[in-house]
Visitor: 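One structure follows; several queries about it will come next.
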Amino acid sequence: MTEEFATENTTVEKTEPDAVKEVSDDFVTRQHTAAAGLEYTTTTGRLVLRREETKDGKSEGFKPKAEIFVVAYTKDNSTSERPVTFAFNGGPGSSSVWLHLGLLGPRRVDSGDVGAMTPPPFGLVDNPETLLEHSDLVLIDPVSTGFSRVIEGEKTDEFHAFVEDRDLVAEVIRLWTTRNNRWLSPKYLVGESYGTLRAVAVAGRLFDAYGMAVNGLGLISTVLNMSTLRFFPGSDTPYALHLPTYAAIAHYHGRHPGRELTDVVREAEEYASRDFGYALSQGARLTQPEYDDAVTRLSALTTLDEGFIRRTNLRWAYHEFAAELLRAEGLAVGRIDGRFTAPPANPQSSSSTDDPSMRAITGPFAAAINHYVRAELGYENDLPYEILTARVQPWSYRTFEGAPVDVSDVLERLMVHNPALRVHVDYGYQDGATPHFAAEYVFAHMALNDEARARISHHYHEAGHMMYLKPECRLAQLEALRNFVTVDPAQN
């Protein structure tokens, strides 16, 4: 059986043994005025995606497969030349709430930041620097996240996979662009975390399947090659690529007094890419003096106890670092954001997988989105809004069987085929989930000429994975993104 997405915007009847079930889009629109005076319209609801199914060479019609929750912001009385930015988070299993109410939208969550978190019941505030001032916005929740679900009777696992997820998000973008007559608008994709890998894959799908070329990719907390992050026996690269992040988190917690963060990070980067990389590559061939020197250097950079470094044979995963760094103070550090700390559930455990940063920020974002979609956007749905769900697991990467999950080759090809394509990259120094040095490593190994590399801009923030939690980082991010989406394509 072969399947292709359909383009019709009509109600489709699904024939079942005992009943006929209708499904259709359920969008609601509202008019708003932003803090800076911009008048705009929101369109909120679930978009029904359909595919043509065939059997034995015969069409069985266009059948609904999934209902995808979308929030679109469009400036009133604007022309089709206005940029439009499509955004989503990652996970897999994450809704778009983080970028939506943390960075891009005209309203944002009042969450506070590390050390000064807003207490329940939290709240919403205006976001005067919203990207909506410069670009229309479309926030997309993939299947099983937010209010997005498969049609009754369909299989959820079908869309919990790299290729199917890529194709679904690409179809949402194509369909929205077509229905809103935006093919001639500058188009940008902004993803966070796994959403960066998705953004590159979706851009490739849009180009290959529909001939749609995007103007830019915004990659926030980037991972394009999973092998740089995953700790596997026999793979030493991730241990070295995490080292600058360990040093940055140690610095935040006062372990490098009198030194600038950038100095500590640069020293860790140089050691990771030279001596440490060599030491790891030698394995048992490393001499005792070389081993002892590595222990001393690693302890100085990370401030971890030398005994711990020897017990782990110079190799430890992030969850072990999170438990060890502040063990003497009775604290574990966060993974999404290493600035956050909390007492561990088990102080004697050798690892910490209960992330204090996620515990701190989930409540504010959950309260904000559940209030916002109903009270301000006017959308009603009794389903739970899935902020970050494990229902998508196990996520299928069968496309990459026997090979790393890697889309850097897709980005290479897009940079060649589309000489106007630009890439904006945001890094958080205290991001333990997608370390900046790992992302830099991937970019450095891409086969690009100097002209193409000049179209990639790199932005660094003294914060974690969701660097926009920190007010000054959010303002810097939005200023850079404003410049990114307002570049005249004809002058690029």
Side-chain angles (χ1 to χ4, degrees), residues 90-92 191-201 217-251 261-262 264-281 298 301-302 314-322 333-338 355 357 397 400 403-412 423-448 453 456-467:
E192 180 180 296
S193 196
Y194 178 84
T196 62
L197 188 147
R198 176 188 284 134
V200 171
L217 296 172
L219 308 180
I220 300 173
S221 301
T222 307
V223 52
L224 302 184
N225 184 335
M226 291 285 196
S227 71
T228 62
L229 304 184
R230 293 178 170 174
F231 299 98
F232 290 120
S235 176
D236 285 330
T237 304
Y239 298 104
L241 297 180
H242 278 70
L243 183 62
T245 298
Y246 298 147
I249 294 172
H251 178 275
L261 172 63
T262 52
V264 172
V265 170
R266 296 297 170 259
E267 181 184 352
E269 290 174 345
E270 290 178 6
Y271 180 69
S273 59
R274 295 178 182 176
D275 296 349
F276 190 32
Y278 167 79
L280 292 171
S281 72
L298 289 171
L301 288 166
T302 65
L314 315 181
R315 299 163 177 83
W316 61 88
Y318 187 87
H319 61 269
E320 295 174 289
F321 168 82
V333 301
R335 174 176 174 267
I336 289 292
D337 193 326
D355 187 346
S357 52
Y397 294 104
F400 300 96
V405 179
D406 181 11
V407 296
S408 61
D409 59 329
V410 178
L411 183 54
E412 288 173 350
V423 180
H424 166 106
V425 189
D426 275 313
Y427 307 92
Y429 280 127
Q430 286 91 25
D431 176 5
T434 56
H436 73 276
F437 203 48
E440 286 182 348
Y441 177 91
V442 175
F443 285 115
H445 285 78
M446 288 175 58
L448 298 174
R453 289 194 182 279
I456 304 175
S457 60
H458 304 267
H459 308 265
Y460 298 84
H461 306 275
E462 295 187 17
H465 195 71
M466 297 158 184
M467 59 283 295

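Since the model is a prediction, treat every value here as computed from it, not as a measurement.
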Visitor: For Tyr318, which residues count as a side chain to side chain donor-acceptor pair (under 3.5 Å) partner, sequence neighbours excluded?
Guide: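 With sequence neighbours excluded, Tyr318 shows a side chain to side chain donor-acceptor pair (under 3.5 Å) to no residue whatsoever.
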Visitor: Is the backbone of Gly334 close enough, under 3.5 Å, to the side chain of Ser357 for a donor and an acceptor to pair up by distance?
Guide: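 It does not hold such a pair.
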Visitor: Minimum heavy-atom separation for Val442 and Ser408, please, with both atom names.
Guide: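 Shortest heavy-atom separation between Val442 and Ser408 comes out as CG1-CB, 3.9 Å.
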Visitor: Write out all pairs satisfying side chain to side chain donor-acceptor pair (under 3.5 Å) with one or both partners inside residues 423-438, taking only residues at least two apart or from two chains.
Guide: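 Sorted result for residues 423-438: Arg266-Tyr429, Glu269-His436, His424-Asp426, His424-His459, Asp426-His461, Asp426-Gln477, Tyr427-His458, Asp431-Thr434, Asp431-His465, Thr434-His465.
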Visitor: For Ala199 versus Leu219, what's the shortest heavy-atom pair and its separation?
Guide: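 For Ala199 and Leu219, the tightest heavy-atom pair comes out as CB-CD2, 4.2 Å.
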Visitor: Do you know which two heavy atoms are closest between Ala248 and Val265, and how far apart they sit?
Guide: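 That closest heavy-atom pairing would be CB-CG2, 3.9 Å.
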Visitor: Determine whether a donor-acceptor pair (N or O, by modelled atom type, separation under 3.5 Å) exists between the side chain of Glu412 and the backbone of Ala447.
Guide: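 Yes; at least one donor-acceptor contact below 3.5 Å.
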Visitor: Any side-chain heavy atom of Tyr271 within less than 4.5 Å of one from Leu298?
Guide: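 Tyr271 vs Leu298: side chains touch.
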Visitor: In chain order, what residues pass the side chain to side chain donor-acceptor pair (under 3.5 Å) check against Glu440, with sequence neighbours excluded?
Guide: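 Glu440: side chain to side chain donor-acceptor pair (under 3.5 Å) contacts with Tyr460.
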Visitor: Check whether any side-chain N or O of Glu267 sits under 3.5 Å from a backbone N or O of Val264 as a donor-acceptor pair, and report yes or no.
Guide: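 It does not hold such a pair.
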Visitor: So how far is it from Glu270 CD to Asp275 CG, rounded to the nearest 0.5 Å?
Guide: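 Here the interatomic distance stands at 10.0 Å.
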Visitor: The criterion is side chain to side chain donor-acceptor pair (under 3.5 Å); which residues satisfy it with Arg335, sequence neighbours excluded?
Guide: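 Once residues adjacent in sequence are excluded, Arg335 has no partner under the side chain to side chain donor-acceptor pair (under 3.5 Å) criterion.
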Visitor: Measure from the side-chain N and O atoms of His251 to the backbone N and O of Ala247, and report whether any donor-acceptor pair falls under 3.5 Å.
Guide: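 Side chain of His251 to backbone of Ala247: no pair is present.
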Visitor: Residues two or more places apart in sequence or in another chain: which of them pass ring-ring contact (aromatic ring centres under 6.0 Å, His included) with Phe231?
Guide: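 Partners of Phe231 by the ring-ring contact (aromatic ring centres under 6.0 Å, His included) criterion, ordered by chain and then number, come out as Tyr239, His242.
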Visitor: Would you mind reporting whether Tyr194 and Leu197 have side-chain heavy atoms less than 4.5 Å apart?
Guide: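 Yes. Closest side-chain heavy atoms under 4.5 Å.
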Visitor: Could you tell me whether the side chain of Val333 reaches within less than 4.5 Å of the side chain of Phe321, counting heavy atoms only?
Guide: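 Phe321 vs Val333: side chains touch.
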Visitor: Using side-chain contact (heavy atoms from CB on, under 4.5 Å), reason through Leu217 and Leu411 one step at a time and then give a plain yes or no.
Guide: CA-CA 10 Å; Leu217 296 172; Leu411 183 54; 3.8 Å; yes
Visitor: With the side chain counted from C-beta on, respond yes when Tyr397 and Pro92 share a heavy-atom pair under 4.5 Å apart, and no when they do not.
Guide: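 Heavy-atom side-chain distance check passes, below 4.5 Å.
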Visitor: Could you report the tightest heavy-atom contact between Asp236 and Leu280, atom names first, then the distance?
Guide: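 Taking Asp236 first and Leu280 second, the nearest heavy atoms are OD2-O, 2.8 Å.
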Visitor: Are the side chains of Ile249 and Thr245 in touch, meaning some heavy atoms are under 4.5 Å apart?
Guide: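 Yes, close enough: below the 4.5 Å cut-off.
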Visitor: Mind listing the closest non-hydrogen atom pair of Ala272 and Leu243 along with its distance?
Guide: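 Here Ala272 and Leu243 meet closest at CB-CD2, 4.0 Å.
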Visitor: Does the side chain of Thr302 come within less than 4.5 Å of Trp316's, by heavy atoms?
Guide: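 Yes, at least one pair of side-chain atoms sits under 4.5 Å.
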Visitor: Once side chain to side chain donor-acceptor pair (under 3.5 Å) is applied, what residue pairs with a partner in residues 217-235 remain, sequence neighbours excluded?
Guide: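 As it turns out, the side chain to side chain donor-acceptor pair (under 3.5 Å) pairs with a partner in residues 217-235, which skip direct neighbours, are Asn225-Ser227, Asn225-Asp406.
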Visitor: Would you say the side chain of Ser273 lies within less than 4.5 Å of the side chain of Phe437, judging by non-hydrogen atoms?
Guide: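 Phe437 vs Ser273: side chains touch.
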Visitor: If you compare all heavy atoms of Val200 against all heavy atoms of Val407, which two are closest, and at what distance to 0.1 Å?
Guide: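 Where Val200 meets Val407 most closely, the heavy atoms are CG1-O, 3.6 Å.
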Visitor: Enter the distance from Leu224:CG to Met446:CE here, rounded to the nearest 0.5 Å.
Guide: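 CE of Met446 is found 7.0 Å from CG of Leu224.
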